[in-house]
> 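First, the structure itself, so that you have it in front of you.
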Amino acid sequence: MRRVGLPGNVCCAVIKLGKGFDVEQLRRRIAGSPVMDWLARAQIFRPLPMIFPPLWRASGKPQAILFEHNTKNGTPDIAGVLPPEVAQRELHASRGPGLAFDVMRHADGTSHLFLSWNHTHLDARGLDFLLNHLNGEPSAKNVPSVENFINPKQLGWDLAGWWPNVKQARGSLKWLHESGKEPLFSLLPVGRRPAQCRNNHRVIYFTAEETGRIDARCQQFNCGFRRSHFYLAASLRGLHSVAVQRGNQDGAYLIPVPHDTRKRGAKGPIFSNHLSILFYRIEPKFAGRIGDILGELSRQMTDQIRDRFPESCMAALDMFKPLPLGYYVHHLGKPTRGKIATFSFSDSGETCAGMKELWGGPIQEVTHLVPSWRPPGLTIIFLRFNNRLSALISSVDDCLKPAEVDGMEQDMRRALLEETG
Amino acid sequence: MTPEQDPKIIAAKLCEFARTNFVAEGVQFDENSPLSQAGIDSFALVELVLFCERVLGVRVPDSHLTGTNLASMSSLADCIAELARNGQPPA
């Protein structure tokens, strides 16, 4: 389990590979890839702390990013629990490297590949592009262009472009002030934060048959193109049941949902985060029924896109990036007094799309383990691999008890597979 | 604004909007491309619906955003043209 906090902002893709995986192939591809060379050396730095914006640079010498381990007994069940070698690896954005491959080879010939990355370096879609690049033929055609390494805005200071961001950001900040009105539901216990908090992970796997049923239910709810709304509605149902059990069902739910701003079908950019955010505020009177939640999500999403909220939100993020981190955290949390999110939610979509094997090993399972921040103390991520859906419930140990996670899992399953209306 | 009623013109405008705003350069995309395979998600769908309101002058109600109407830009254009002909109030 990773500890909670900024250095712990490390995600991990756990990929289970069958017999035939050749680690030497992976080593050669890493060594021959200009993208990997850059990523292994990339660091974020502040020339003068608190005054100038952070910038990216590539350090002189690339650092080790591929590590091998062996287990003696069969294939351990790793779902949701990282081995200590992986969990204790710190990947600092400022010191680099920002990502690492841990290969765990098992006695039965199968392997687990743990791809850990600092969220400052990549988002989940960027990781998918990187895997596609490394798994492809080492030809000139398969080398992403320089623009795919880094967002040009982060290469140098663009102080002239900062002021227009301030003006465009006003809309989203105003929205946050208005939507952050109490009462808001929070998982955070009253009192001081414990000295050390830990993340717990629960992975809910759905079979291909169950995934087919969930897809059919999306169609029933007229969510064919809005599957992520259906997943979000089911997650909120699960959390609402926790709120009801705690006797605290008067607070509204504030949910930021990241939106990938890359064009559909694009092969990059790989590096950095390319996300905007939509914010939903769901009142508790709507949170009890899937149909009601979907109606609210649809209405609020349309209103926000009509008001150009995502563009304003991106401008706000660009505006805050050059500021000292403490100020950023303070100001972003201020409109909602730290309750900027009741929980974090993301739908990563299809992971490893079109890939059957990685470096000779057939892909058997893919899981994303992401950190949860405190606040809010809960992150829910959905992903699909090979026509099978899975959901990760990542929680901070003092915010959600194991029995409450059990209840959420049952409620989410019921909402996704059975509940009508 | 007089709503556009010719499905071919509507489909061409929808494709142009999609190519400009959310389909990557070099991706094969025309009025018959299946929208489900073009990576159209909820966000892109809402952008399309708002484009219909703003530029084509037709409001597409949620009830018309069915799998059949959203099969391709061509089928969506047919739906919009029908809404325009039936006197759908301008957006």
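Every chain is numbered from 1 and lettered A, B, ... according to where its sequence line falls, protein lines coming before strand lines.
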> May I ask you to decide if A:S344's main-chain N or O and A:T379's side chain share a donor-acceptor pair within less than 3.5 Å?
no
> Taking atom types as modelled and ignoring hydrogens, do the side chains of A:H119 and A:N273 form a donor-acceptor contact shorter than 3.5 angstrom?
yes
> Measuring heavy-atom distances to chain A, does B:I40 have an atom under 4.5 Å in its side chain, in its backbone, in both, or in neither?
both
> Could you check whether any side-chain N or O of A:S276 sits under 3.5 Å from a backbone N or O of A:H259, counting only pairs where one atom can act as donor and the other as acceptor?
no
> Taking A:R227 first and then A:D215, would you say they form a salt bridge - that is, a charged N and a carboxylate O separated by under 4.0 Å?
yes
> Quick check on B:A44 against chain A: is it the side chain, the backbone, both or neither that has a heavy atom closer than 4.5 Å?
both
> At a 4.5 Å cut-off on heavy atoms, which part of B:V27 comes close to chain A: side chain, backbone, both, or neither?
side chain
> Using a distance-only test with no angle check, is there a side-chain donor-acceptor pair under 3.5 angstrom linking B:S33 and B:D30?
yes
> Can you tell me which portion of B:N21 sits under 4.5 Å from chain A's heavy atoms? Options are side chain, backbone, both or neither.
backbone
> Are there residues of residues 64-72 of chain B that reach to under 4.5 Å of chain A by heavy atoms, and which ones?
B:L65, B:T66, B:L70
> Side chain of A:R217, backbone of A:L416: donor and acceptor closer than 3.5 Å?
yes
> Quick one: are A:I293 and A:Y253 in side-chain contact, heavy atoms under 4.5 Å?
no
> Please output the residues of residues 297-310 of chain A in contact with chain B, using a heavy-atom cutoff of under 4.5 Å, in numerical order.
A:S298, A:M301, A:T302, A:I305, A:R306, A:R308, A:P310
> Just wondering, do A:L236 and A:Y280 contact through their side chains at under 4.5 Å, heavy atoms?
no
> Got B:L48 and B:M73 here, is their nearest side-chain heavy-atom distance under 4.5 Å?
yes
> Considering only heavy atoms from C-beta outward, does the side chain of B:F43 approach that of A:D260 to under 4.5 Å?
no
> Classify the ring geometry of B:F17 against B:F51: parallel below 30°, tilted from 30° to 60°, perpendicular beyond 60°.
parallel
